[in-house]
Number of protein chains: 2
Amino acid sequence: MAYLQPLSFTEENYLKAIYSLSERAESFDTSTNEIALKTNTKPPTVSDMLRKLADKKLVTYEKYKRVQLTKSGRQVAIQVIRKHRLWEVFLHDKLEFTWDKVHEVAEQLEHIRSEELISRLEKFLGYPTNDPHGDPIPSANGELTQAKRIILSDVGEGKVCYVVGVKDSTSPFLQYLQQLNIGIGTKIKLIERIAYDGSLTISMRKGQQISVSKKFADNVLVTV
Amino acid sequence: MAYLQPLSFTEENYLKAIYSLSERAESFDTSTNEIALKTNTKPPTVSDMLRKLADKKLVTYEKYKRVQLTKSGRQVAIQVIRKHRLWEVFLHDKLEFTWDKVHEVAEQLEHIRSEELISRLEKFLGYPTNDPHGDPIPSANGELTQAKRIILSDVGEGKVCYVVGVKDSTSPFLQYLQQLNIGIGTKIKLIERIAYDGSLTISMRKGQQISVSKKFADNVLVTV
DNA sequence: AACAAAAGTTAGATTAACCTAACATTTATT
DNA sequence: AATAAATGTTAGGTTAATCTAACTTTTGTT
Ligand SMILES: [Mn+2]
Ligand SMILES: [Mn+2]
Ligand SMILES: [Mn+2]
Ligand SMILES: [Mn+2]
């Protein structure tokens, strides 16, 4: 394995962007324009960068074709994501940032270079498995178990989950969510499933229990 | 007061270097070569940077003359120092980094841009007044109260003092300190000064007496 | 004061990261 | 298949931060 000289913030950001774009494609690849969109740059800038990353064996790329991360490029991306998410946990759990503000700061912190810093931070945080948005935190050796999203209705009794999205985007539904004080990242514990109508008793935060209908729970996406 | 667009890491590092170099001069100024030394760059690089910083009204500078921070430049430098020292406290107190390793990481963390991050961090740390090296932490509005410190060599016989900092920050010195189990806050009683070579007999904690050289005692900062 | 040494600047390059305008290739649609 | 649209690359330029080599100014020393 070739020795990798430290990458710049910029290179790390591109790898992270390529990772998240290619993860959501069947073929695990992405395109120049998509990357430009995601990184707020212009396509020519991306072309240059792709050539550079290809030279460093971080992506496989031929001009006019779609790009893929190499194994080594993917490992780098995952390490950056690991750092990003650990910092998000720190900001949220320790510094009490609200979940919608952690991202911007973590975007900077993720580039701090120190192995020791990250392993100590992880220990300090109690080896968390998910960030405040419910996304999984990769392990030090780069393993990432892609949490599969399920609907709240399918969570087991007694299990804890995190809200990661919704299936219904209509106003009444979103307003109801807001009324219940449920948003992305909300940690929910499923207390009981009522067999009669599929409604659920759940608890959030400081344990206030509420009851929600099956119809509602069918439209909330969570990860366990 | 002119609105200041965010400075680059590099610019912040130069301002910090200029601050610390000029603080220790009678005339509160410093020179191109000194800055180059401190920042591990070459004099021409510094010349360029000084012109740029002068344009931004962060330093007063005329070519071939010595340079001084403006009020605004000093404020920026102090804020960077504030961030640096708060992060050092975090690394030392929360992540249990040893004394001699906090600096390198703080050197990176000090450039993270977020007012909110720093104020929350400060609160989380319990509003510390000194960093792990004993140096004072500037307040949010840029005040920095420097306690009078003397070197251990100048403490009178029979007097008691407290370690508040060091003059030498190199690894061998810091390691020797650790070996002697001397750190910030350590209470030291000066038992005897040997006229012959200026070496000192001191006692700490449970009264174990040890002898230290003048060279060593010249680099330990204390308050009586 | 004269000259040598030290300190500091300018000139001219380089590299990374970006851009716009022009060109090339691939793909989609008559 | 021909053409239009979309996508992607090259050419050529900019800015920040750095360097070496050559030059200039200031300072120190006979
Ligand atoms: Mn980032
Ligand atoms: Mn996240
Ligand atoms: Mn720094
Ligand atoms: Mn310090």
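The residues A:K16 and A:E107 are annotated as salt-bridged, a charged nitrogen and a carboxylate oxygen being separated by less than 4.0 angstrom.
Spacing between atom OH of B:Y64 and atom P of D:dC23 amounts to 13 Å, rounded to whole angstrom units. Counting to the nearest Å, the C1' atom of D:dA16 and the CD atom of B:Q5 are 12 Å from each other. In this structure, the NZ atom of A:K65 is 14 Å from the C1' atom of D:dG8, given to the nearest Å. A:L50 has its CG atom 16 Å from the P atom of C:dA16, to the nearest Å. With rounding to whole Å, A:E62 atom CD is found 14 Å from D:dT9 atom C1'. For the pair B:M49 CE and C:dT10 P, the computed distance is 16 Å after rounding to whole Å. For A:R51 and C:dT15, the CZ to P distance is 15 Å, given to the nearest whole Å. Atom CG in A:N33 sits roughly 13 Å away from atom C1' in C:dT27 (whole-Å rounding).
Comparing B:D48 and A:S8 by the nucleotide of DNA chain C whose heavy atom lies nearest to each, the residue mapping closer to the 5' end is B:D48.
Within residues 34-47 of chain B, the residues having any heavy atom under 4.0 Å from DNA chain D are, by residue number, B:N40, B:T41, B:K42, B:P44, B:T45. Near-neighbour residues of DNA chain C inside residues 12-28 of chain B, defined by a heavy atom below 4.0 Å, are absent.
With sequence neighbours excluded, no residue forms a ring-ring contact (aromatic ring centres under 6.0 Å, His included) with B:F28. Looking at residues two or more places apart in sequence or on another chain, you find a ring-ring contact (aromatic ring centres under 6.0 Å, His included) between A:F90 and A:W87, B:F90. By the ring-ring contact (aromatic ring centres under 6.0 Å, His included) test, B:H103 is found to be paired with B:H84, residues two or more places apart in sequence or in another chain being considered.
With A:E122 as reference, A:R82 is the one residue of A:R82, A:R85, A:K83 to meet the salt bridge (Lys or Arg N to Asp or Glu O under 4.0 Å) rule.
Between B:K63 and C:dT10 there is a side-chain N or O to OP1 or OP2 distance below 4.0 Å.
Nearest heavy-atom pair, A:L7 versus A:R113, reported as atom, atom and distance to 0.1 Å: O-NH1, 2.6 Å.
Within the structure, side chain to side chain donor-acceptor pair (under 3.5 Å) contacts touching residues 54-63 of chain B (residues at least two apart or in different chains) are B:E11-B:K56.
Here A:R66 lies out of heavy-atom contact (under 4.0 Å) with every strand.
Checking C:dT9, D:dT18, C:dC18 against the side-chain heavy atoms of A:T10 singles out C:dC18 as nearest.
Note that B:K215 lies outside the cation-pi zone of B:F173, set by a 6.0 Å cut-off to the ring centre and a 45° limit from the axis. B:F97 carries A:R120 over the face of its six-membered ring, with the cationic atom under 6.0 Å from the centre and within 45° of the normal.
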